[in-house]
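We number each residue from 1, following the sequence as shown.
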Amino acid sequence: MSFWTAVVVIFAIASVTWLRAQKLRGEKHGFRLSEGLGEREHELENEVENLRKRIAVLERIATDERREKDLAREIEALRD
């Protein structure tokens with residue numbers, strides 16, 4: 001076996017070992033890669049969707065070229 005072949009083999013072994021350690025470390029902290037999405041992930045997806053809707057409303061309010069009275073009235077309407 002040549003020197004460079006040995007270097008490649010050692011690098012491959014180290015890489016596989018590191019990847020397995022990362023997977024086990026992630027599972028230890030509650031992340032399961034093979035199980036798909038859990039209940040918590042679905043809750044987070046719903047929360048992100050709600051936040052996107054709120055941001056869209058805020059962007060619409062910020063980019064409208066209305067006078068201050070119209071803006072204040074629209075903000076009050078959104079609070080209800």
### Query
Who pairs with Thr5 by side chain to side chain donor-acceptor pair (under 3.5 Å), at least two apart in sequence or on another chain?
Ser2

### Task
Hey, could you give me the CZ/CH2 distance between Arg25 and Trp18, rounded to the nearest 0.5 Å?
8.5 Å

#### Entry: Interatomic distance, Glu49 atom CD to Asn46 atom CG [nearest 0.5 angstrom]
8.5 Å

#### Entry: Atom pair CG/CZ of Leu58 and Arg54 - distance to nearest 0.5 Å
7.5 Å

### Task
Could you pull out all residues at least two apart from Val48 that satisfy side-chain contact (heavy atoms from CB on, under 4.5 Å)?
Arg52

### Query
Stepwise, does the salt bridge (charged side-chain N to carboxylate O under 4.0 Å, His left out) test hold for Glu43 with Arg40?
CA-CA 5 Å; Glu43 289 175 14; Arg40 178 70 178 146; 3.5 Å; yes

### Task
Nearest 0.5 Å please: distance from the CZ atom of Phe11 over to the CH2 atom of Trp4.
13.0 Å

### Spatial distance of atom CG (Leu44) from atom CD (Glu39) [nearest 0.5 Å]
11.0 Å

